[in-house]
Amino acid sequence: MIDFELSSRARMIQDMARAFALNNIRPYARQADTEGKMPEEVIRQLASFGMVGGSMPLGREREELGAESEPKENNLLAVVGAEQMAYGDPAVIMNIPGPGLAAPAINAMGTPEQKERFLGIFQKNDGKLRYGAYAYTEAHFGSDTSQVATTAKRDGDEWVLNGRKIFCTNGARADIVVVFATVDKSLGREGIKAFVVEKGTPGFEVGKIEDKLGIKASETAELILDNVRVPMDNLLGGEAALDPKRKAGFIGAMKTFDSTRPMVAALALGIGQAAFDYVKEWVRTEIKAGYPFKKRTEVSLTLADAERELAISRHLIWRAAWMADRSIPNTREASMAKAYAPQAAYRVCRDAVRIMGPEGYSKEHLVEKWYRDIKIYDIFEGTGQIQRVVISRRILGYLDKDDEDSSKAA
């Protein structure tokens, strides 16, 4: 069963990441929010610190890429580190050079050769900042991932992709993008496949860059595919992925979410913890013993509730990561972490602003920024409502065949 004590390695990463976040990231948080980008010096510090964007490949997959294996802790270490990075600034982890959300998709669906070819470029030590991205969402759908309209048509030894993707993190600067498209709309989910599109491919263009409420220093782009041609072997999973019975693309996307949802929950937790610690110190300074008893009691109880919710969030996240590290299907647990932590962190940020009153609304303090930043974490990687649907289906056994296949794949 899960041990509630972190290993010495995990504690070391936790401490190092927290120190780095406070000393090297937090001082730039307001500047990054105002300018809409993270200073390059901070990004290069992240790269030199050893942080890598995207979930690391597990076990044998890491060894295939020539990396040292870290058995049974890769996912736990990732969520522990993610929480601390978000504690410094929630947009910073989106700026960490690396494969990003492309990594779990490639690890879930790619052949050994594809993993080495597409992820191997991020192992190069040549000073270049490389990024990966994940393109699934389209303008006509959000949470219903079966509604992909981007098409992929086979033409000789190439695939021709056409469509438009939105809300792609790091999409404009990505060296590789995992694009989901349908090879046959009549097949529904069975027709959805994943393709790797490389930067500079003719017809692959960047549309608008989103101007968002929060996490402004994280690039979110629209991607346009106009007769984009990619080689046959850029189809993740190769020829075997074309077997309709495998639903390779759809199941791969769902498996990716099982890996990334605990990470998103951990980022939300980091924001909530930052707001909690900030307002706690403000209260100690501003609400002294002579303050009206009723007001001090109300504030104290609010802080007690906040600490409880953050602790619950952390254990839900750690459990989902612990299961993933042991290859235990964690769809329900990942959704529980994703459903709970962002909403808990939202309440913490909201209450921080309320407790501080006009000061909480002022840009002299970061709590107003965290309040703006936190909202997206309940939306992307599947909304809170969708997470509750996933959980309820597994509680009550309401699984259709696609759910069963996805659960087995996890």
Please enumerate all residues that pass salt bridge (Lys or Arg N to Asp or Glu O under 4.0 Å) together with Lys280, with sequence neighbours excluded.
Asp277
Taking only residues two or more places apart in sequence or in another chain, which ones pass side chain to side chain donor-acceptor pair (under 3.5 Å) with Glu219?
none
Closer than 4.0 angstrom, basic N to acidic O: yes or no for Glu41 and Arg44?
no
Beyond-backbone contact of Ile215 with Ile376, side-chain heavy atoms, under 4.5 angstrom:
yes
Heavy-atom nearest pair, Gly110 first then Leu236, reads CA-CD2, 4.1 Å
Side-chain donor-acceptor contact under 3.5 Å, Asp325 with Asn74:
no
So, Asn95 versus Arg173: side-chain donor-acceptor pair below 3.5 Å or not?
yes
For Tyr87, the ring-ring contact (aromatic ring centres under 6.0 Å, His included) test, sequence neighbours excluded, returns none
Run the numbers on Arg117 and Asn234 for side-chain contact (heavy atoms from CB on, under 4.5 Å), then give the verdict.
CA-CA 10 Å; Arg117 180 158 59 99; Asn234 279 33; 3.4 Å; yes
Please list all pairs passing the salt bridge (charged side-chain N to carboxylate O under 4.0 Å, His left out) test where one or both residues lie in residues 326-336, with sequence neighbours left out.
none
Can you name the residues that form a side chain to side chain contact (heavy atoms under 4.5 Å, CB included) with Asn23, not counting sequence neighbours?
Ala19
Establish, for the pair Lys199 and Phe204, whether the NZ or CZ atom is under 6.0 angstrom from the six-membered ring centre and no further than 45 degrees off its axis.
no
Who pairs with Glu309 by side chain to side chain donor-acceptor pair (under 3.5 Å), at least two apart in sequence or on another chain?
Tyr340, Arg347
Considering residues at least two apart in sequence or located in another chain, which fulfil the salt bridge (Lys or Arg N to Asp or Glu O under 4.0 Å) criterion with Asp157?
none
Taking atom CZ as the centre, does Phe167 end up with more than 12 heavy-atom neighbours from other residues, nucleotides or ligands that are less than 6.0 angstrom away?
no
Parallel, tilted or perpendicular: ring planes of Phe180 versus Tyr136, cut at 30 and 60 degrees
tilted
Taking only residues at least two apart or on different chains, which pairs with a member in residues 85-102 satisfy salt bridge (charged side-chain N to carboxylate O under 4.0 Å, His left out)?
Asp89-Lys369
Lys/Arg-Asp/Glu bridge criterion (N-O < 4.0 Å) met for Glu298, Arg354
yes
I'd like to check the side chain to side chain donor-acceptor pair (under 3.5 Å) partners of Thr150; sequence neighbours left out, ordered by chain and number.
Glu138
Checking side-chain hydrogen bond (donor to acceptor under 3.5 Å, both in side chains) for the pair Thr151/Asn162: CA distance, chi angles, key distance, verdict?
CA-CA 5 Å; Thr151 60; Asn162 282 282; 4.7 Å; no
Salt bridge check: are Arg229 and Glu158 linked by an N-O gap of less than 4.0 Å?
yes
Non-neighbouring partners of Lys37 that pass side chain to side chain donor-acceptor pair (under 3.5 Å), sequence neighbours left out:
none
Student check: side-chain heavy atoms of Leu46 and Val92 closer than 4.5 Å:
yes
Could you work out, with salt bridge (Lys or Arg N to Asp or Glu O under 4.0 Å) as the rule, every residue matching Glu286, not counting sequence neighbours?
none
Does either side chain, that of Thr220 or that of Glu210, offer a donor lying less than 3.5 Å from an acceptor on the other one?
no
salt_bridge(Glu113, Lys115) N-O dist < 4.0 Å:
no
Listed partners of Arg372 passing salt bridge (Lys or Arg N to Asp or Glu O under 4.0 Å), at least two apart:
Asp33, Glu368
